[in-house]
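Worksheet: the structure to be examined is printed underneath.
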Amino acid sequence: MAGRFDPLTRAAVRGGRTDVPAGRAATGAAGSPGAKERRWTPDGPVDLGLVLGPLRRGPGDPTFRTTPDGSVWRTGRSPEGLAATLRVLRTGPEVTAEAWGPGADWFLEQLPALLGAGDDPAAFVPRHRLVHASHRSRPGLRLTRTGLVLESLIPTVLEQKVTADEAYRAWRRLVRQYGEPAPGPGPDLYVLPEARTWAMIPSWDWHKAGVDAKRSATVVRAARVANRLEEAAAMDLPAAVRRLEAVPGIGPWTSAETLQRSNGDPDAITTGDLHLPGIIGYALAGDRDADDAAMLELLAPYAGQRHRAARLVLLAGRTPPRRAPRMYRSDIGRF
């Protein structure tokens with residue numbers, strides 16, 4: 001889900017948090033040449049690292065950066081396919097955003113939703129001591145809603161049944177090879193390829209990126225119906241799940257991981273994950289061998305908020321001790 005084992009430390013579960021340096025008004029001032037700007041004041045605490053962290057796909061993600069002045073940079077394409085770079089900075093109670101590129105207006109319009117304005121943290125009631133402590137210590141956790149399906153779906157498909165760093169490596173390679181340099185002055189950023197470009201990537205370049213035929217075929221199928229999939233961003237959770245899972249190769253794990261980001265749904269709990277049931281089971285009941293059924297039973301008191309509850313458990317960092325070898329890492333691109 002929106003929290004995976006960190007590929008560098010291989011120990012702590014981050015729960016989708018990205019470290020963002022404290023903003024400094026002097027170096028973080030807005031007004032960059034060619035930028036469109038929007039200022040927005042949230043109605044409560046907003047932690048940029050917690051809210052936007054799930055959008056970062058590993059170290060070196062060419063579509064996401066943080067910089068020492070406290071800025072979070074991200075790139076993307078509007079639903080019409082227009083490229084944009086967005087820079088978000090919070091100093092004091094106000095958030096300042098700048099955007100560049102033909103999709104800038106759309107990304108600035110979506111800023112409140114991106115930062116969790118449509119989320120309702122007050123609806124969450126902790127039922128376990130660990131969850132309560134994690135919730136109390138993170139008042140700035142809001143669930144992002146990007147309103148964009150394909151940009152979350154494709155890297156999620158790349159993460160199917162491989163280690164995180166294998167998937168992150170494939171994402172970096174394909175975005176840099178087939179995407180385009182991001183508009184604006186961002187720090188070496190790229191915009192992900194358009195849908196039709198994903199559909200035309202030749203088999204040998206998928207292979208060089210370490211992506212097997214099953215995952216690449218799923219991406220191609222999704223890219224061919226991208227417009228229909230993007231409609232899911234405005235649907236309720238059951239309808240959105242049905243829309244995504246109508247594409248062969250997209251199952252419950254992939255749809256949940258995608259809709260957590262595109263729709264910001266607080267109940268989109270990930271099932272079918274290799275680690276998550278054991279982490280939830282161990283943290284809440286001391287059961288490191290919990291399966292999906294046991295995890296869902298433990299999270300039943302959080303009905304409607306199960307994704308938020310699971311993120312808070314991950315952020316608490318209570319994970320079972322390792323007792324088996326790490327998952328074998330393959331690199332089919334070498335063969």
Side-chain angles (χ1 to χ4, degrees), residues 1-5 7 15-16 53-58 61 63 76 143-172 174-175 192-193 195 198-199 201 206 209-277 279-280 291-293 295-296 299 306-307 310-311 314 327 330:
M1 58 169 297
R4 299 178 65 89
F5 285 100
L55 305 182
R56 175 178 178 261
R57 301 292 182 157
D61 182 348
T63 71
L143 301 182
T144 186
R145 180 173 188 154
T146 66
L148 298 167
V149 173
L150 204 66
E151 73 165 30
S152 292
L153 176 63
I154 290 175
T156 299
V157 171
L158 297 180
E159 293 173 7
Q160 291 177 348
K161 298 184 179 181
V162 296
T163 62
D165 49 353
E166 286 178 89
Y168 296 154
R169 183 173 64 246
W171 174 247
R172 290 193 299 267
L174 292 168
V175 171
L192 80 163
W198 286 108
I201 294 176
W206 288 111
V211 181
D212 59 68
K214 184 176 180 180
R215 287 179 292 151
S216 63
T218 300
V219 172
V220 171
R221 284 191 291 265
R224 288 174 176 167
V225 293
N227 291 338
R228 294 283 288 163
L229 294 181
E230 292 296 348
E231 294 173 358
M235 297 177 178
D236 61 22
L237 183 60
V241 167
R242 288 194 297 271
R243 178 63 60 89
L244 266 62
E245 293 183 11
V247 178
I250 298 177
W253 185 89
T254 304
S255 64
E257 289 283 312
T258 301
L259 296 172
Q260 287 164 8
R261 297 165 172 86
S262 64
N263 293 34
D265 195 291
D267 200 45
I269 182 64
T270 302
T271 56
D273 192 83
L274 179 63
H275 301 292
L276 186 62
I279 294 171
I280 300 294
D291 57 12
D292 278 340
M295 176 184 72
L296 293 175
L299 294 176
R306 292 177 299 174
H307 168 47
R311 274 202 71 188
L314 290 171
M327 182 177 176
S330 60

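The first residue in the sequence is number 1, and the count goes up from there. Note that this is a predicted model, so its numbers are computed, not measured.
For the salt bridge (charged side-chain N to carboxylate O under 4.0 Å, His left out) test, residues two or more places apart in sequence or in another chain that qualify with R243 are E231. Applying the side-chain hydrogen bond (donor to acceptor under 3.5 Å, both in side chains) test to S216 and every residue at least two apart in sequence or in another chain returns nothing. Evaluation of the salt bridge (charged side-chain N to carboxylate O under 4.0 Å, His left out) rule for R306 yields D267 as partners, not counting sequence neighbours. For A239, the side-chain contact (heavy atoms from CB on, under 4.5 Å) partners two or more places apart in sequence, or in a different chain, are M235, D236, R242. A search for side-chain contact (heavy atoms from CB on, under 4.5 Å) contacts involving T144 returns V51, L52, L55, L114, T146, not counting sequence neighbours. For the side-chain hydrogen bond (donor to acceptor under 3.5 Å, both in side chains) test, no residue two or more places apart in sequence or in another chain qualifies with S262. R221 pairs by the side-chain contact (heavy atoms from CB on, under 4.5 Å) definition with A217, T218, V247, P248, not counting sequence neighbours. For E230, the salt bridge (charged side-chain N to carboxylate O under 4.0 Å, His left out) test picks out no residue, with sequence neighbours left out. Contacts of N227 classified as side-chain contact (heavy atoms from CB on, under 4.5 Å), with partners at least two apart in sequence or in another chain: none.
The distance from the CG atom of L229 to the OG atom of S255 is 11.5 Å, given to the nearest 0.5 Å. Here CD1 of I280 is found 6.0 Å from CD1 of I269. Values are rounded to the nearest 0.5 Å. In this structure, OG1 in T254 is found 9.0 Å from CG in L244, a value given to the nearest 0.5 Å. The CG atom of L192 sits 9.5 Å away from atom OG of S152, with the distance rounded to the nearest 0.5 Å. Distance check, rounded to the nearest 0.5 Å: CH2 of W253 to CD of E159 gives 5.0 Å. Rounding to the nearest 0.5 angstrom, the gap separating the CG atom in D291 from the CG atom in L296 is 9.0 Å.
The minimum heavy-atom distance linking A232 with N263 is given by the pair O-ND2, 3.0 Å. Among all heavy-atom pairs drawn from A209 and A170, the shortest one is O-CB, 3.3 Å. The nearest pair of heavy atoms linking I201 to W206 is O-NE1, 3.3 Å. Of all non-hydrogen atoms in A233 and G147, the two that sit nearest each other are CB-O, 3.5 Å. Considering all non-hydrogen atoms of both residues, T163 and E166 come closest at OG1-OE2, 2.8 Å. The nearest pair of heavy atoms linking A199 to R224 is CB-CG, 4.2 Å.
For W171 (side chain) and D61 (main-chain N/O), no donor-acceptor pair under 3.5 Å exists by modelled atom type. A side-chain donor-acceptor contact under 3.5 Å links W198 to the backbone of P193.
Looking at L143 and R311, their side chains come closer than 4.5 Å, going by heavy atoms from C-beta outward. In this structure, R261 and L153 have side chains that are not in contact, with every pair of non-hydrogen atoms separated by 4.5 Å or more.
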Open item on the list: Apply side chain to side chain contact (heavy atoms under 4.5 Å, CB included) to residues L276 and L314 and explain how you reach the verdict.
Closed with: CA-CA 9 Å; L276 186 62; L314 290 171; 4.1 Å; yes

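A side-chain contact (heavy atoms from CB on, under 4.5 Å) with R57 is found for exactly one of I154, L158, T156, namely T156.
Judged purely by distance below 3.5 Å, without hydrogens or angles, the side chains of T270 and Q260 pair a donor atom with an acceptor atom.
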